[in-house]
Amino acid sequence: MLGFLTALHDSGFSTWIREAETVWAFPTVLTIHTFGMMLLVGSAWVMDLRLFGIARTIPIGPLRPLFRIMWASFWVNLATGILLFIADPERKATSLLFAFKMVMVAVNLAVCSRLERAVYSEGPDPVRVGSTAKQLAAASALLWAGTIFAGRLLAYV
């Protein structure tokens, strides 16, 4: 496995992402990743906060498209995250912080899927929010905050 990571690190593509003196390499990938995270977590937090009872005058039904934004943003972040991993595979693959971040992302994907089902299972315009949905919203908000925290620390640790 280490040989594969070394080969990946030494590849021309990895070197280009990491070292190219152009804005179109690492800076662009990181910027797109950041905007993807902004859309993903921003949409999730809008939904989470509404389910907590903030802005009760906003109906929950029209917020369902936020889940499509979350999933589209996730796919953008998966693609850009792979590119960021390729830029430094040896360090990322052996980092406990990176593993922690990936576990939080995986768990939160399951939480987001369950949350959508919990909120919209009884119809397209739910009137009341059950305790399961509130618990999932709390888990989502905390997991995304932890994911961002871990991701930012990766740049410095």
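Remember, it's a predicted structure, so these values are computed and weren't measured experimentally.
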Report yes if the side chains of [X] and [Y] come closer than 4.5 Å at any heavy-atom pair, otherwise no.
{"X": "M47", "Y": "E116", "value": "no"}
{"X": "L84", "Y": "F26", "value": "yes"}
{"X": "L115", "Y": "F67", "value": "yes"}
{"X": "F85", "Y": "I17", "value": "no"}
{"X": "P62", "Y": "D125", "value": "yes"}
{"X": "P124", "Y": "Y120", "value": "no"}

So, does [X] use its side chain to make a donor-acceptor pair with the main chain of [Y] at under 3.5 Å?
{"X": "S14", "Y": "I86", "value": "yes"}
{"X": "S121", "Y": "R117", "value": "yes"}
{"X": "T80", "Y": "V29", "value": "no"}

Among the clusters formed by ILVMFWY side chains lying less than 4.5 Å apart, do [X] and [Y] turn up in the same one?
{"X": "L78", "Y": "L40", "answer": "yes"}
{"X": "I148", "Y": "V111", "answer": "yes"}
{"X": "I60", "Y": "I58", "answer": "yes"}
{"X": "V105", "Y": "I32", "answer": "no"}
{"X": "L143", "Y": "L66", "answer": "yes"}

Legend entry - Short side-chain donor-acceptor distance under 3.5 Å, S95 and R91: no
Legend entry - Mutual orientation of the aromatic rings belonging to W71 and F74 [parallel < 30°, tilted 30-60°, perpendicular > 60°]: perpendicular
Identify the heavy atoms of [X] and [Y] that sit nearest to each other, and give their distance.
{"X": "A150", "Y": "K101", "value": "CB-CB, 3.9 Å"}
{"X": "L8", "Y": "S11", "value": "O-OG, 2.8 Å"}
{"X": "L5", "Y": "P89", "value": "O-CG, 3.5 Å"}
{"X": "A133", "Y": "L51", "value": "O-CD1, 4.3 Å"}
{"X": "M70", "Y": "C112", "value": "SD-SG, 4.3 Å"}
{"X": "A25", "Y": "A20", "value": "CB-CB, 3.7 Å"}

Is the [atom1] atom of [X] crowded by more than 12 outside heavy atoms at less than 6.0 Å?
{"X": "W16", "atom1": "CH2", "answer": "yes"}
{"X": "F52", "atom1": "CZ", "answer": "yes"}
{"X": "R64", "atom1": "CZ", "answer": "yes"}

At what distance, to the nearest 0.5 angstrom, does [atom1] of [X] lie from [atom2] of [Y]?
{"X": "Q135", "Y": "R114", "atom1": "CD", "atom2": "CZ", "answer": "9.5 Å"}
{"X": "T94", "Y": "M1", "atom1": "OG1", "atom2": "CE", "answer": "10.5 Å"}
{"X": "L142", "Y": "T147", "atom1": "CG", "atom2": "OG1", "answer": "10.5 Å"}
{"X": "F13", "Y": "L83", "atom1": "CZ", "atom2": "CG", "answer": "5.0 Å"}
{"X": "Y156", "Y": "L97", "atom1": "OH", "atom2": "CG", "answer": "13.0 Å"}
{"X": "T34", "Y": "L39", "atom1": "OG1", "atom2": "CG", "answer": "11.5 Å"}

